[in-house]
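Note sheet for the following structure.
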Amino acid sequence: MVDVAAIFKAYDVRGVVPEQLDESVARATGAAFVEVLDVLAGAGAVVVGYDMRPSSPGLAAAFAEGVASTGADVIMIGLASTDQLYFASGRLNLPGAMFTASHNPAQYNGIKLCRAGAAPVGADSGLRDIADLVEKALVEGPATTAVPGKIREKDLLTAYADHLHDLVDLTKIRPLKVVVDAGNGMGGHTVPAVFASGPVEIVPMYFELDGSFPNHEANPLDPKNLVDLQAKVRELGADLGLAFDGDADRCFVVDEKGDPVSPSAITGAVAVRELAKHPGATILFNLITSKAVPELVAEHGGVAVRTRVGHSNIKQKMAETDAVFGGEHSAHYYFKDFWRADTGMLAALHVLAALGEQSKPASELFAVYERYVASGELNNTVDDAAATVAAIEDTYGDQEGIELDRLDGLTVSAAEWWFNVRVSNTEPLLRLNVEAADRATMERVRDEVLALITGSPVKKEN
């Protein structure tokens with residue numbers, strides 16, 4: 001019997017195939033999705049896409065069967081990036097399901113679900129209810145309708161590319177040579193369509209769709225997975241490097257020197273561009289993002305709103321505030337003009353436009369958005385996360401000049417630094433992020449907090 005609770009996470013469904021996630025679970029999830037979202041009373045159909053993992057087509061087909069068993073119709077868009085699925089959900093105004101495990105290793109797969117118009121489905125907005133129905137169906141067997149829905153195919157890749165070009169025009173920028181590492185993920189499917197013509201010369205790396213990830217993990221957040229891209233950018237003297245994760249909804253940037261540009265700097269740069277189009281608009285940033293972002297937003301006349309981590313939180317807050325853009329430290333970028341959904345490809349177009357509209361190299365262009373020194377996300381397994389966070393709060397809570405808040409985990413702030421510790425929504429980890437005015441201060445604070453987390457002093461490297 002599958003442990004349904006173990007694979008239904010805070011924001012999606014994810015597990016090892018077939019031990020945790022198999023076609024019976026996918027089929028039951030399709031039927032439950034229709035019931036919880038009351039699809040038959042609404043649009044009457046669901047749009048489904050899938051990535052390049054070997055198990056994805058079969059899981060997607062089983063999910064479609066589950067949807068159809070209720071009488072609802074299915075539109076299969078086939079191979080797609082996650083943001084292409086969001087585009088389909090928005091353009092067709094249908095709820096959707098994307099089969100992908102994003103950056104996770106090859107043995108995993110998963111389902112990202114959304115309501116019509118790419119609105120989120122999170123733990124408190126339907127995912128728990130879907131999980132309960134799936135568990136019931138796996139025990140009692142699926143219910144079926146006498147008149148099943150229809151399953152048909154629709155290709156939306158060109159429409160997706162056209163929509164992105166309507167939002168960011170690259171036709172007038174200077175010629176650029178850009179190395180793109182797709183990591184054998186869905187960027188290899190979408191990048192050729194988006195850059196089929198124009199002034200950007202794409203140098204492809206690992207564009208072959210291969211869910212076994214033969215070259216490196218499709219997780220650019222881990223620095224070791226950027227090494228090949230960095231080397232190729234330096235070798236060719238390229239203007240920029242882009243790296244996409246497995247489902248191509250996140251985009252990472254390296255400059256012409258091969259040095260990574262932080263997602264916070266990209267958030268700041270895109271925010272400035274969006275504020276130029278929408279003066280005085282609201283920009284969202286999650287609480288792990290550099291404090292340079294709200295500073296830049298204020299300097300350019302916008303309103304900066306701090307949020308919790310996670311796409312469900314960001315999308316909900318965008319709807320509440322009518323924000324035009326939102327960015328996360330993990331390289332998720334959200335756009336009002338893209339149904340408030342996250343799209344790494346649209347962020348990449350903004351980056352290329354910003355670079356190509358002026359003559360400076362990327363390293364100089366983005367340096368103005370890198371104001372502080374960050375630790376990056378440091379993950380630690382702890383026996384009792386709540387007790388560990390409480391001990392950290394006790395240590396810093398009574399110190400003069402220290403501010404605490406619990407918007408998401410615990411954030412501790414001082415004049416020259418801040419850090420956040422929070423329990424992962426998807427893994428048994430305590431995550432630490434530190435930022436400071438200079439490297440020495442960042443490392444001091446980082447090591448102090450790590451010592452509290454691990455229970456032993458952090459060893460200094462000679």
Side-chain angles (χ1 to χ4, degrees), residues 11 81-84 86-87 89-91 114 117-120 160 163-170 173 194 242 244-245 248-253 261-357 365-366 368-371 407-408:
Y11 307 120
S81 62
T82 290
D83 66 327
Q84 187 184 339
Y86 291 150
F87 165 79
S89 174
R91 174 63 63 89
C114 66
Y160 158 81
H163 180 69
L164 293 174
H165 288 303
D166 288 342
L167 298 177
V168 179
D169 183 8
L170 296 182
I173 68 171
V194 173
L242 302 175
F244 291 92
D245 65 345
D249 64 345
R250 291 189 295 158
C251 178
F252 293 75
V253 179
V261 181
S262 77
S264 288
I266 300 302
T267 296
V270 176
V272 169
R273 289 178 55 82
E274 288 290 280
L275 288 169
K277 292 191 299 182
H278 308 284
T282 296
I283 304 291
L284 304 187
F285 65 102
N286 78 15
L287 53 76
I288 310 300
T289 307
S290 171
K291 71 175 185 176
V293 171
E295 292 173 354
L296 286 159
V297 170
E299 290 164 11
H300 287 81
V303 177
V305 175
R306 184 168 172 262
T307 77
R308 296 173 59 203
V309 173
H311 76 93
S312 294
N313 300 317
I314 294 271
K315 290 176 181 176
Q316 179 180 343
K317 187 62 71 173
M318 287 190 82
E320 292 172 359
T321 62
D322 199 32
V324 298
F325 172 66
E328 294 201 85
H329 69 296
S330 55
H332 283 285
Y333 305 105
Y334 305 78
F335 296 84
K336 179 181 178 181
D337 290 339
F338 200 81
W339 298 278
R340 303 189 179 96
D342 44 324
T343 163
M345 191 65 73
L346 183 52
L349 294 181
H350 273 285
V351 167
L352 294 174
L355 180 60
E357 289 168 359
L365 173 65
F366 294 113
V368 299
Y369 303 103
E370 300 269 18
R371 297 183 174 181
L407 175 63
D408 192 349

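For the side chain to side chain contact (heavy atoms under 4.5 Å, CB included) test with T282, the passing option among L275, V297, V305 is V305; the others fail. Shown are I288, T307, L284, N286; of these, the side chain to side chain contact (heavy atoms under 4.5 Å, CB included) with E328 is made only by N286.
N313 has its side chain within reach of Y11: a pair of non-hydrogen atoms, C-beta onward, lies under 4.5 Å apart. Residues V194 and H165 form a side-chain contact, since some pair of their non-hydrogen atoms from C-beta on lies under 4.5 Å apart.
Here the shortest heavy-atom pairing between V293 and G268 reads CG2-N, 4.2 Å. Residues P263 and F252 share a closest heavy-atom pair of CG-CE2, 4.3 Å. For C251 against G344, the heavy-atom pair with the smallest separation is CB-O, 3.4 Å. Taking both residues in full, the closest heavy atoms of M318 and V324 are given as CE-C, 4.0 Å, listed atom of the first, atom of the second, then distance. Shown here for S264 and T289, the closest heavy-atom pair between the two residues is OG-CG2, 3.3 Å.
Atom CD1 of I266 sits about 8.0 Å away from atom CD of E370, to the nearest 0.5 Å. Atom CH2 of W339 is separated from atom CG of D83 by 10.5 Å, given to the nearest 0.5 angstrom. Separation of atoms OG1 (T343) and NE2 (H332) is listed at 11.5 Å; rounding is to 0.5 Å. In this structure, L167 CG and L349 CG are separated by 8.5 Å, a value rounded to the nearest 0.5 Å. Note that CG of D249 is 13.0 Å distant from CG of L346, once rounded to the nearest 0.5 Å.
Residues passing the side chain to side chain contact (heavy atoms under 4.5 Å, CB included) test with A269 are F366, Y369, sequence neighbours excluded. Residues satisfying the ring pair (Phe, Tyr, Trp, His ring centres under 6.0 Å) test with H350, not counting sequence neighbours, are F335. Under the salt bridge (Lys or Arg N to Asp or Glu O under 4.0 Å) criterion, D245 pairs with R250, sequence neighbours left out.
Contacts classified as salt bridge (charged side-chain N to carboxylate O under 4.0 Å, His left out) and involving residues 292-305 (residues at least two apart or in different chains) are given here: E295-R371, E299-R371. Screening residues 330-356 for salt bridge (charged side-chain N to carboxylate O under 4.0 Å, His left out) gives K315-D342, D322-K336 as the qualifying pairs, with residues at least two apart or on separate chains. Within the structure, no pair that satisfies the salt bridge (charged side-chain N to carboxylate O under 4.0 Å, His left out) test touches residues 279-289, not counting sequence neighbours.
For H311 and Y334, the distance between ring centers is not under 6.0 angstrom.
Although no hydrogens or angles enter the test, the distance criterion places no donor-acceptor pair under 3.5 Å between the side chain of T267 and the main chain of G327. Of the possible polar contacts, none joining the H278 side chain to the E274 backbone as a donor-acceptor pair under 3.5 Å is found.
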Could you check V272 against F325 for side-chain contact (heavy atoms from CB on, under 4.5 Å), going step by step and ending with a plain yes or no? CA-CA 10 Å; V272 169; F325 172 66; over 6 Å; no

Starting from the C-alpha separation in whole Å, work towards a yes-or-no answer on side-chain contact (heavy atoms from CB on, under 4.5 Å) for I283 and V303. CA-CA 6 Å; I283 304 291; V303 177; over 6 Å; no

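Aromatic ring pairs are classed by plane angle as parallel below 30°, tilted from 30° to 60° and perpendicular above 60°; the pair F338 and Y160 is perpendicular.
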